[in-house]
Amino acid sequence: AQSVTQLDSHVSVSEGTPVLLRCNYSSSYSPSLFWYVQHPNKGLQLLLKYTSAATLVKGINGFEAEFKKSETSFHLTKPSAHMSDAAEYFCVVSDTGRRALTFGSGTRLQVQP
Amino acid sequence: NAGVTQTPKFQVLKTGQSMTLQCAQDMNHEYMSWYRQDPGMGLRLIHYSVGAGITDQGEVPNGYNVSRSTTEDFPLRLLSAAPSQTSVYFCASRAEQGVYTGELFFGEGSRLTVL
């Protein structure tokens, strides 16, 4: 079975400081991992994805994530937060051989001026 | 580009009423799905379809019905609404060839309240 745990339900940072959103996963097979972002009253948009190529994945808007198999983690980072980054972020896992995605419960990122 | 279009955006129902949430996509995607989003629970899969005439249940299918008569459309039916179905519903699609690695494209959501 696959599962994903987002370790923080809410993260608050100041504009210009680094962002770290933490995600641990459980998967029986080689997983594909994704981060999606949801701005208020909008649908979800793909930020980045890991699909067994390079372990450091770069996404849109300066975000990146590193796949660490030994730690079963896929944390999302950004060097410098911008006000427009305020949103909810979802870590998602998909096992090879399954069509269903499993979503984490989400982390709400607040960016203070 | 329209992408994935959901209607209505907002709906209020009384317990026991029925209604249909509409979803249409113009990307010729084989795979379409419905999720519900509840606070602190992420998104949970209700039903999905891998092509016209093919549907299957997801994690939380009870109380919902779907059909897929065309590639473009994937309506979600609530047969007898209950307060537990108060939620935000998202339709999402992707190309079936990218089933494990492909990007899901989401609609903007339909907020349903059942009184």
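Side-chain atoms are counted along with the backbone in the values below, which use heavy atoms only and exclude waters and symmetry mates. All figures in this text were calculated on a predicted structure; none of them were measured in a lab. Every chain is numbered from 1 and lettered A, B, ... according to where its sequence line falls, protein lines coming before strand lines.
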Apart from B/M41 itself, which Ile, Leu, Val, Met, Phe, Trp or Tyr residues share its cluster (side-chain heavy atoms under 4.5 Å, direct or through members)?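 Result for B/M41 is none, singleton.
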
When you check the side-chain N and O atoms of B/R77 and B/S67, is any donor under 3.5 Å from an acceptor?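 Per modelled atom types, B/R77 and B/S67 side chains form a pair under 3.5 Å.
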
With a 3.5 Å cut-off and no angle check, do the side chains of A/Q110 and A/H10 form a donor-acceptor pair?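 A pair is found: one side chain offers a donor N or O, the other an acceptor, under 3.5 Å apart.
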
Could you give the distance from CG (A/L48) to CG (A/L33), rounded to the nearest 0.5 Å?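 It comes to 10.0 Å.
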
Can you tell me how the ring of A/Y25 sits relative to the ring of A/F67, calling it parallel under 30°, perpendicular over 60° and tilted otherwise?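 Rings of A/Y25 and A/F67: parallel, as their planes differ by under 30°.
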
Aromatic plane relationship, A/F103 with B/F106 - under 30° parallel, 30 to 60° tilted, over 60° perpendicular: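 Rings of B/F106 and A/F103: perpendicular, over 60°.
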
Contacts of residues 108-115 of chain B with chain A (heavy atom under 4.5 Å):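 Near chain A, by residue number: B/E108, B/R111.
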
Which answer fits B/L43, side chain, backbone, both or neither, if we ask what part of it has an atom under 4.5 Å from a heavy atom of chain A?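 For B/L43, heavy atoms of backbone and side chain both lie under 4.5 Å from chain A.
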
Counting only non-hydrogen atoms closer than 4.5 Å, does B/E59 touch chain A with its backbone (N, CA, C, O), its side chain (CB onward), both, or neither?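 No part of B/E59 comes within 4.5 Å of chain A.
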
Stepwise, does the side chain to side chain contact (heavy atoms under 4.5 Å, CB included) test hold for A/L101 with B/R94? CA-CA 12 Å; A/L101 302 180; B/R94 68 170 176 234; 4.1 Å; yes

Side chain from CB out, backbone as N, CA, C, O: work out which of these in A/Q6 comes under 4.5 Å of a heavy atom of chain B, or both, or neither.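 Neither the backbone nor the side chain of A/Q6 comes within 4.5 Å of chain B.
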
